[in-house]
Amino acid sequence: MFYIGIDLGTSGVKLLLVDEKGEIIRDATREYPLEFPNPGWSQQAPSLWLDGTSEALDELLEGIDKSQVRAIGVGGQMHGLVVLDENDNVIRPAILWNDGRTSEETAWLNSEIGLARLTELTGNIAFAGFTAPKLLWMKKNEPELFAKISKIMLPKDYLVYWLTGAHSCDMSDASGMLLFDVKGRCWSKEMLDICGVSESQMPKLYESADAVGKLTADIAARFGLSTDVVVCAGAGDNAAAAVGCGIVGDGRCNISLGTSGTVFITSDSFSVDPNNALHSFAHADGAYHQMGCILSAASCNKWWMDEIVGTKNYAAEQEGIDNLGENNVFYLPYLMGERSPHNDTDARGAFVGMSMDSTRKDMTLAVLEGVAFAIRDCVEAARAQGIKIDESMICGGGAKSPLWKKIFANVLGIRLTIPKTEQGPSYGGAILAAVAAGDFASVQDCCAKWVTISEVVEPDAELTAKYEKQYRRWHTLYPALKGFFKGE
């Protein structure tokens, strides 16, 4: 038997073909571009997701016994606003999670509706990347298009619709819209009213491993698959990545270093960060989690390597870097503004501390350390609530760097574990698919059988002490530059 896991990412889509033992048989990837029509804006044509998935699916299925494919699960980029008209045609490019155009709408929600009321209704306050502020922006700036909206969806849900014809959304992804009552696991009527939309315009809600339908006849014929192939609701990318790393059940932690970076902490019960630095979301295992998100993580290193240094050989640039905890160059990783814990769309990246003897390696190290320090901000927000974090799984493209893993273990002062199968949301999607097919009793059951640890990175007490001092110095930079970022 085979299961297909899909990771609908920001810069590309990745598919995995997984067998009944959890072994990866094959993978396929397709990249696609983003649009940046104005500074701080980020959008994408949903047709790119369908084209990329189609090409990757053709490659994935070539030469295999397609009758053995049982189910498909999708993990995907969160918060993106996908709007369809009455004929299910896309009305405008999707406004993505890292888009910063909604600063006015976000400020209005947080000040006029108020932090306390928003938290009561949804478990969260407004962040610029969330879906609700985007609806308000569209209502104000594109009223003709807003009036045409028949269905409001998230990116991975549009892919599920393409596969099944069903308008669906899972609880974990819905949590990031600011339209969803996370504690009650239902749409918030008051938030829908505030945004000028109705529940009929929202997709039907499911738990992540619930089957929402089967492949349509057209899709099945296109790819040579059976119409009995089950498609589950799927999950937001961070919840799917956590599932793929076995981070289910109470009191577990996962750090993800993808385009964005996250700290993901599971809980059996719903709770809210009183300082609103962390999000309170539903988890794909049927419970809850708190999450801190920095908007630029591995994308900082990609920007530095590709655009500034001019190389694709990331590993070579990290060779010979040995002055850990002693770097005099510091870096703020706010290339797209920042979410946790600052909620500041005006924040920007910055290098500080260069001198005539600063080297390219110092700058490269500063980028890696700056991202780790920003993730520590999120960890500290959790610790301020009394949450104990002594160990974490780490995954994502950035976690493939031995140097970066060492930096993270010592900046955070915790043990890091690395899963044997490190494929993030796509592997989580395959796990959810296997549960939806009825082949495992629960998400926890499948994770227990499929997920194993391949590596452990321990912190070094001396280096951790050095990084403690470095983090405290770095932590003074954003407050010092906040007014500058706002043009004051």
Side-chain angles (χ1 to χ4, degrees), residues 8-13 30-53 76-85 88-109 126-159 176-179 195-197 237 258-260 293-300 302-304 306-308 333-339 342-350 485-487:
L8 185 70
T10 311
S11 57
V13 62
R30 290 295 183 278
E31 295 184 351
Y32 36 68
L34 287 80
E35 301 174 27
F36 303 104
N38 288 298
W41 291 26
S42 178
Q43 60 187 40
Q44 205 162 49
S47 59
L48 296 172
W49 308 333
L50 307 188
D51 293 343
T53 302
Q77 51 168 301
M78 297 178 69
H79 314 301
L81 176 62
V82 181
V83 284
L84 309 181
D85 65 17
D88 286 337
N89 295 316
V90 174
I91 294 173
R92 69 164 337 277
I95 305 176
L96 300 188
W97 59 273
N98 56 354
D99 186 283
R101 76 184 71 186
T102 63
S103 56
E104 291 183 7
E105 290 76 17
T106 302
W108 179 82
L109 285 166
F127 288 81
F130 283 8
T131 317
K134 294 168 185 169
L135 281 169
L136 291 173
W137 181 91
M138 192 176 173
K139 184 179 180 182
K140 176 183 177 182
N141 294 279
E142 299 174 345
E144 301 86 357
L145 297 181
F146 185 85
K148 295 180 180 179
I149 297 175
S150 179
K151 271 290 182 288
I152 297 162
M153 306 192 77
L154 295 167
K156 71 105 171 52
D157 301 325
Y158 182 65
L159 191 60
M177 298 180 78
L178 205 72
L179 300 169
C195 292
V197 296
D237 53 4
T259 302
S260 61
C293 176
I294 66 171
L295 294 181
S296 303
S299 54
C300 285
K302 178 177 172 60
W303 163 78
W304 173 245
D306 294 3
E307 303 300 329
I308 309 301
Y334 309 143
L335 297 180
M336 295 294 294
E338 190 54 297
R339 190 181 296 178
H342 305 307
N343 197 11
D344 186 354
T345 58
D346 294 321
R348 289 294 179 264
F485 292 142
K486 294 187 179 299

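Keep in mind that this is a model prediction, so the values were computed, not measured.
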Study note, to complete from the structure: Rounding to 0.5 Å, atoms OG (Ser11) and CG (Leu48) come to a distance of 12.0 Å
Practice item. Only pairs at least two apart or in different chains count here, so list each side chain to side chain donor-acceptor pair (under 3.5 Å) that has a residue in residues 141-153. Key: Arg92-Glu142
Practice item. For the pair Trp137 and Trp41, name the ring-plane relationship: parallel under 30°, tilted 30 to 60°, perpendicular over 60°. Key: perpendicular
Point to revise | Side-chain touch Leu159/Thr53, heavy atoms, less than 4.5 angstrom | key: yes
Point to revise | Those residues that, when tested against Pro143, pass side-chain contact (heavy atoms from CB on, under 4.5 Å) (two or more places apart) | key: none
Practice item. Could you tell me whether the side chain of Lys134 and the main chain of Leu96 form a donor-acceptor pair under 3.5 Å? Key: yes
Practice item. For Asp99 and Ala94, indicate whether the former's side chain and the latter's backbone hold a donor-acceptor pair under 3.5 Å. Key: no
**Study point:** N-O pairing of Lys156 and Asp237 below 4.0 Å
**Key:** no
Identify every side-chain donor-acceptor pair in residues 30-38 under 3.5 Å, counting partners at least two apart or on other chains, and give the distances.
from, atom 1, to, atom 2, distance (Å)
Arg30, NE, Glu55, OE1, 3.2
Arg30, NH1, Glu59, OE1, 2.7
Arg30, NH2, Glu59, OE1, 3.0
Tyr32, OH, Gly9, O, 2.7
Tyr32, OH, Gly12, O, 3.1
Glu35, OE1, Gln43, NE2, 3.1

Review point. So do the side chains of Ile149 and Val197 get within less than 4.5 Å of each other, counting heavy atoms only?
Key: no
Practice item. Report the residues that fulfil side-chain contact (heavy atoms from CB on, under 4.5 Å) with Ala107, sequence neighbours left out, ordered by chain and then residue number. Key: none
Revision key, fill the gap. Across all chains, not counting sequence neighbours, the ring pair (Phe, Tyr, Trp, His ring centres under 6.0 Å) partners of Trp303 are none
Check your understanding: Tyr334 and His342: aromatic ring centres closer than 6.0 Å?
Key -> yes
Point to revise | Separation of Cys293 SG from Trp97 CH2 (nearest 0.5 Å) | key: 6.5 Å
Check your understanding: Listed by chain and number, what are the side-chain contact (heavy atoms from CB on, under 4.5 Å) partners of Ser299, not counting sequence neighbours?
Key -> Thr259, Ser296
